[in-house]
Each structure stands twice: as C-alpha cells, then as structure tokens.
Number of protein chains: 2
Amino acid sequence: MVARSNRVTIHDVAKAAGVSVSTVSKALNDTGRMALETREKIKSIAADVGFRPNALARSLLFNRSFTVGLLTNDTYGRFTLPLMSGISEALVDHGVSVFLCAIEDDPALAKVHVDAMLDKQVDGIIATGKRVDRSLPVDLAGLPVPVVYAFTEGVPGSVILTADDSDGARLAVERLREVGRKSIVHVTGPDSFVSAVERADAFRQAVAPDALVMHGTWTEAWGHEAVAILWGGDNETPDGIFCGNDQIARGVVDALRERGVRVPEDVSIIGFDNWEIFADQTRPALTTVDMNLKELGRTAGLTILDLAEGRAVEAGLRKLPCKLVVRQSCGGDRKI
Amino acid sequence: MVARSNRVTIHDVAKAAGVSVSTVSKALNDTGRMALETREKIKSIAADVGFRPNALARSLLFNRSFTVGLLTNDTYGRFTLPLMSGISEALVDHGVSVFLCAIEDDPALAKVHVDAMLDKQVDGIIATGKRVDRSLPVDLAGLPVPVVYAFTEGVPGSVILTADDSDGARLAVERLREVGRKSIVHVTGPDSFVSAVERADAFRQAVAPDALVMHGTWTEAWGHEAVAILWGGDNETPDGIFCGNDQIARGVVDALRERGVRVPEDVSIIGFDNWEIFADQTRPALTTVDMNLKELGRTAGLTILDLAEGRAVEAGLRKLPCKLVVRQSCGGDRKI
DNA sequence: TCAACGTGAGAAAACGTTTTCTCATCATTT
DNA sequence: AAATGATGAGAAAACGTTTTCTCACGTTGA
C-alpha cells in the first residue's frame, strides 16, 4: 500500500529457514509440536537475522497493546515525574510502555489526548494531577478501558490511590517528640486543600486538640511570615515546627536563621514532600516527609495491569503510607 | 483468538448501514466513488454508533504508528518536562502520541526501553538529557527509525537541536548594559560543562576579553560564596552579575541582601534557565535567560515528523535562540 | 498385514483497516 | 438498437502475527 519498511518479518525468517511462517511462530514461542532440532535451528536463524516480532500485529490479534496512558495536568511535574518513574519501572518488565499526556486544565486538549490513546488501544489509563482534591477536566468514566486515579480525585466506585496525609503528619510529630520537642506548631497551606486539612487534623490528634495550626499559602514567603508572627509577639515560641511543604519549611528555616534562632539546636523543623531541590539546598538540609510517590506509581502501574488482564481489583480509595527522610533540620540521630 | 473487545468496528458500521466494509471505509475517508447520499448516510450511522477506527490496524497497514518515543536520563525533569510539553503540543495535532522513557543512566534499562519502542514501531525517537555535552548510555545510531537529539550529545551526522548558550549570554549582557551597568562579572558552573564555557566565552566577548568569570558549582551555596569573595576583598565590587543558573542567582541575591546590598538598586542580577520555582520565589524575582525549551521541543517534534514522513532535514547542530524573561532582579523597565 | 496412533509441519483464518480491481447497472451516443 | 462510457458498490488482498485444523508419514501393536 504505502512505503514498506525494510524490517525483517517472520516471513523472512521462514524463507531463510525453509519452513512455513506457522512453524517459525511456534518455534519462537515454544508452542506447538515439532522436532527439537527444527526449533533450535529456527531460533538460531531468527537471532541471526535480528528478527523481532512486530508488536502492532500481535496487539491487533490479542487486543492488548501493551501500552498505558498517563494523563496529568501537573505541568510542573512535581508529582507526575516520580509517579511516572514508578509506573514505568513497574511496567517495563511486562513490556508495557507509557504514553505521557500533559493536559493543562484544557478540557478540549484532554479529550484529544484521551481519544488518541483510545484509538491506539491503550490497555488502561492512569489519571493524575497536582492536587488530590481536584479532578482532571475530562470525564474518564465509562471508557472502554480501565482507569486508575493516582493522586487526583476519581469518580465514585473507581480505583483511587493516594498518599496517606495523616500518616505523614503522624510521622512528623512522632519524630519531633522523639527529639524531645514539647511545643509544636504546624505551618501549612490553605485550608481549602483537603491535604492540608487532613494533615492538620492528624497533627492535632497527635499533639493536642487545640494545638496551633497556621494556614497560609504554600510558599516560602508564608514560612517567613509565620515565623514573624510566632516570634513577633510576647507568647512562648515553639521548639518544633511541622511545615506543610518544603517551600514553607525553607522559608521558616531562613527566617529563623535571620533572627538568630538556631536550627535544629533551638527549634526542630520538619517539611513535607521531600522535594530534593529544596530539601537538600536548605541550610540545614530539611528532614521531611516523603509521600513515596514512586512507590505509588509502581502500585498504580501494577493495578492497571491487573485490571487490563481481567484480575479483580478492589475499588475505592487506598492510602499508601509515607516515610520520613531524615536530614539535619530536625536534629538528633540521637535525642537532643 | 483471545478476549474480543466490545468496541465497534468498521464491520459493525457496515452491518448497520447494510453496505460492505469497503464502502464504509471509502465513505468515511472521503475517497472512492459513491453516491453522496450513501456517503452521508454511512457517516451519520458511524457517528451514531460511535465508531473510531482502530489505530493499530491502520498502523499495521501504513507502517506508521503515529507514536514517537522520548528517551531521557534527566530524572528530575528540569529540562525534559518543558521539552516534552513542546513535543506533545506540536504532535498532538498530527495524531501522534509520545512514549516517555526515563532511563537513569542505566544502559541495560535504556536498551529495554528502546527495544520496546522499536517493537511498537515508533515513527521516531527523540533523545534528550540533562547535559548538552553528555550522550545517553545507549547507541541510537543505525536504528531503523529516525532519531533527533535535543539538548544532548548526538552522533556525528545526526540532527541535533540545542539552545544557543552564546545567545543567552549576549542577551544577559545586553540587558545589564541597557540598565547602565559598567562593571559586570559572570558567576557560573564548572568549566567542565560545555554550556558554562560557551556562555563564559560569549560573556567575555560581549564585555571584555579579561572580564571576570568565576567557575564553581551549580548551587546556591556557590552563589553565596562568590559574593563573599567579590565583596570580601578590597577590590571594586561589580554592579552587575550574570549567573550561570537560577540557583546560583538565588544564592547571590540572598547573600547580597544579607550584606545590605540592594538588588536591583545597587547591583543588577540576571540568572539563567528561568526555572520558575527559583526565579519567581527569589526576592526580588529573578530576571533570567529562558532557553525556550518548549519551543525546542516543538521543533524537535516537527523535525522527527519530517523525518518520519520522508522529508529531507538538514543534519548537524542547530542552535535555537534564547529569550530574556524580565522580572525585578535586574532593575529598570526604564533605565536606572 | 492392517489398523491405530503419534509426530512433524503446513494451510488457512483471524485481528481491523485501506485500496485496488472487478463488475453490474444505467445513461448516453451513434 | 447496439456499442460505449460513467457510476456505484462490493470482493479480495494486504499489513505481520498467532492459533486451530488438517494431513502425510512413520511407528507400534495385534
């Protein structure tokens, strides 16, 4: 029809071996009946001519494309990249490749991408975003392929994977307690974010029902401001601050340094996200909660595979545990 | 053979319309001869039953999969994401989807990914990395599909796209001059990086053959240190600093603030990369050189498409211009 | 010696498209 | 009225696999 490629097909192998294509197929797939000698010879010839089966042809036959789509509106990749990395890592062993589609909150663009993926017969779609409590600007319900939501809001009855914010908050508080901190506050993002609220609730539960939670923006500037508030009045100052993300934590650490408050000697700081570019470059480097996004990605990948291959998967929200990454800002590998 | 899906095929449309599949195909593709009435009826029926052609089947026929692969070892995505965004944007209009493969400097993993993509008959591969003067840990020469190198080292005779570092440096110096700066220095990364050297050369050419260039690491810490050196001695201090990246620039700005030097009133600072997370959060926000990575991605996408469709593309290194993003750290929408 | 059986290998169909060819049918021209 | 031409639509082949069927041949057992 159109330009034929020069790639070697199973027919070439058959010709070279002097057998039929069926025999070649059976030989290479270790199926069917045939003389061991024939099988070996065919395998050797196939290797010699560098034959690799055309995945498109197999896909057409099996109705399995061995591709999945990752749909995201997280332009900056802060959350998408670790996730992607985990997905890819889990799936590459199964011969599955991943289409990455960045839709920037544009419903039309999203639809174009979804349609393109469906046309290409993806085995499943993983949806992710930059916020757990917002959904992508496209309706993924009723698609002819399985969908897994990771770190974004999903429709009821779907499979949703997310990090356990409460667990993260508990981890942080535990650590602050371990290093001997008694007066702990939480400086975090807006209370319009479900994550912020969940962490705050878990924080209060772990510290005290009336423990101080300061909601602001997710920025360094807010970290500075929060310190100004805490250290500006006549009240007792805290000796431990759990921050809602690493940017806030950096702001807090910088502001404290400017005031001559020593971190971690005088005050222990714990961040959230383990965004290395912040956590590592802050002086001192941030002890911070890691949401295990890569692991979350791995789970999402495996889950979509289960669904694609018809295995049952429990629907509903599943929260994966966080982990604490210890650097210097909290102090004490030993207790202070 | 295996699980048949419930998706509607051209046969279903044919049955519904009471015609043959060939007629349906011709009707939908506006080819062949047939009564206008028939054509319209078939189109309408196809739309009603929600028919979408199976891209796999078309791919098999046309030897065109309408997919390309993006291979990267830039784990952090600093450069890959904008590039990816540009590629995707340019190609989605052509119905092309992008496989993202993150290989972490692991040759074996790289080979697995490349093989998986070749098996899936990608129309081309775009290689990218985190450093212009390093190549990916896999040999992409002699592949049966076209390859474009973007922001990474490519084999001789290949198509290589990269940002014009010299242009970026010139842009920065020009701006510093425009705002009236006379004593300009360049604080940048290690001279083992080709980019650093090219920018430094262009910097010297624009300022003076013996203009001061300070090589260090790509970190905030180096920015601090450089300021300590510059302001620590008895020498005249500069009134303009061109930094090799935004992290260094942030370090410089912070260090100057700590010393009571005002930015941009006393000293103008220009960064490089336009990494918004740094450029925007620095106080004052950084004026910085943007490498137009998204545009570079767009070009890479279009180029791989040209190659895939057999159009001639000039081989060799092609440098795309940078642009200056003006914020506050350099001063003067009007001259100071 | 003949039937039954096991073995090795090929033919053909299938997956879902597109395209080339062929062939009726009907209208126009001589 | 017969030959020519235009029109509309379908049959079949092709893309590169896998799998089911079929079949020839040789071996075993009675």
Side-chain angles (χ1 to χ4, degrees), chain A residues 1-43 45-46 49-66 95 118-121 123 144, chain B residues 1-43 45-46 49-66 95 118-121 123 144:
Chain A
M1 325 253 108
V2 196
R4 297 287 83 226
S5 104
N6 47 352
R7 263 137 105 150
V8 19
T9 76
I10 199 171
H11 289 95
D12 300 323
V13 180
K15 201 166 296 173
V19 297
S20 72
V21 291
S22 359
T23 304
V24 175
S25 177
K26 284 182 293 190
L28 298 181
N29 294 307
D30 279 324
T31 60
R33 288 183 317 208
M34 71 199 307
L36 185 64
E37 187 190 9
T38 315
R39 202 181 287 278
E40 294 302 337
K41 192 187 78 181
I42 293 176
K43 280 185 180 175
I45 291 179
V49 299
F51 169 71
R52 300 202 53 130
N54 182 327
L56 257 31
R58 317 186 77 215
S59 297
L60 191 56
L61 204 54
F62 292 138
N63 232 35
R64 244 337 269 296
S65 65
F66 293 92
L118 290 179
D119 290 350
K120 296 193 175 91
Q121 313 290 115
D123 296 333
Chain B
M1 322 262 112
V2 197
R4 297 287 82 227
S5 104
N6 47 352
R7 260 134 106 149
V8 18
T9 76
I10 199 172
H11 289 95
D12 300 323
V13 179
K15 200 165 296 173
V19 297
S20 74
V21 292
S22 359
T23 305
V24 175
S25 177
K26 283 182 293 190
L28 299 181
N29 293 307
D30 279 325
T31 60
R33 288 185 315 210
M34 71 200 306
L36 185 64
E37 186 188 12
T38 316
R39 203 181 284 279
E40 294 302 337
K41 191 186 79 181
I42 294 177
K43 281 186 179 177
I45 292 180
V49 299
F51 169 71
R52 301 204 51 128
N54 183 327
L56 257 31
R58 317 187 76 215
S59 298
L60 192 56
L61 204 53
F62 292 137
N63 233 35
R64 248 329 275 292
S65 66
F66 292 91
L118 291 179
D119 290 351
K120 296 193 176 91
Q121 314 287 119
D123 296 333

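In this text, all values refer to a predicted model and were calculated from it rather than measured experimentally. Chain letters run A, B, ... following the sequence lines, proteins first and then strands; every chain starts at 1.
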Over how many whole Å does the gap from [X] atom [atom1] to [N] atom [atom2] extend?
| X | N | atom1 | atom2 | value |
| --- | --- | --- | --- | --- |
| B:Ile10 | C:dT17 | CD1 | C1' | 6 Å |
| A:Glu40 | C:dA9 | CD | C1' | 17 Å |
| A:Arg7 | D:dC15 | CZ | C1' | 13 Å |
| A:Met34 | C:dT7 | CE | C1' | 12 Å |
| A:Leu56 | D:dT17 | CG | P | 10 Å |
| B:Leu61 | D:dC15 | CG | P | 9 Å |
| B:His11 | C:dA13 | NE2 | C1' | 13 Å |
| B:Leu60 | D:dA13 | CG | P | 17 Å |

Taking for each residue the nucleotide of DNA chain C with the nearest heavy atom, is it A:Val21 or A:Leu36 whose nucleotide lies nearer the 5' end?
A:Leu36

Evaluate whether atom NZ of A:Lys15 has more than 12 neighbouring non-hydrogen atoms of other residues, nucleotides or ligands under 6.0 angstrom away.
no

Any donor and acceptor pair, going by atom type alone, linking the side chain of [X] with main-chain N or O of [Y] inside 3.5 Å?
| X | Y | answer |
| --- | --- | --- |
| B:Arg39 | B:Thr31 | yes |
| B:Arg64 | B:Arg58 | no |
| B:Lys120 | B:Ser65 | no |
| B:Arg52 | B:Arg7 | no |

Does the side chain of [X] get closer than 4.0 angstrom to OP1 or OP2 of [N] through an N or O atom?
| X | N | result |
| --- | --- | --- |
| B:Asn29 | C:dT18 | yes |
| B:Arg58 | C:dG16 | no |
| B:Thr38 | D:dA9 | yes |

A:Ser25 near the nucleic acid: base, sugar-phosphate alone, or nothing, with a heavy-atom cut-off under 4.0 Å?
base

How would you label the contact of B:Arg39 with the nucleic acid (heavy atoms, under 4.0 Å): base, sugar-phosphate, or nothing?
nothing

With the side chain of [X] defined as its heavy atoms from C-beta on, choose the nearest nucleotide among [options].
| X | options | value |
| --- | --- | --- |
| A:Ala57 | D:dG8, D:dT17, C:dT18 | D:dT17 |
| B:Arg33 | C:dT17, D:dT7, C:dA9 | D:dT7 |
| B:Lys26 | C:dT18, D:dT17, C:dT19 | C:dT19 |
| A:Asn54 | D:dT17, D:dG10, C:dT17 | D:dT17 |
| B:Val19 | D:dT19, D:dG16, D:dG10 | D:dG10 |
| B:Ser22 | C:dT18, D:dT20, D:dA12 | D:dA12 |
| B:Ser20 | D:dT18, C:dA9, D:dG10 | D:dG10 |

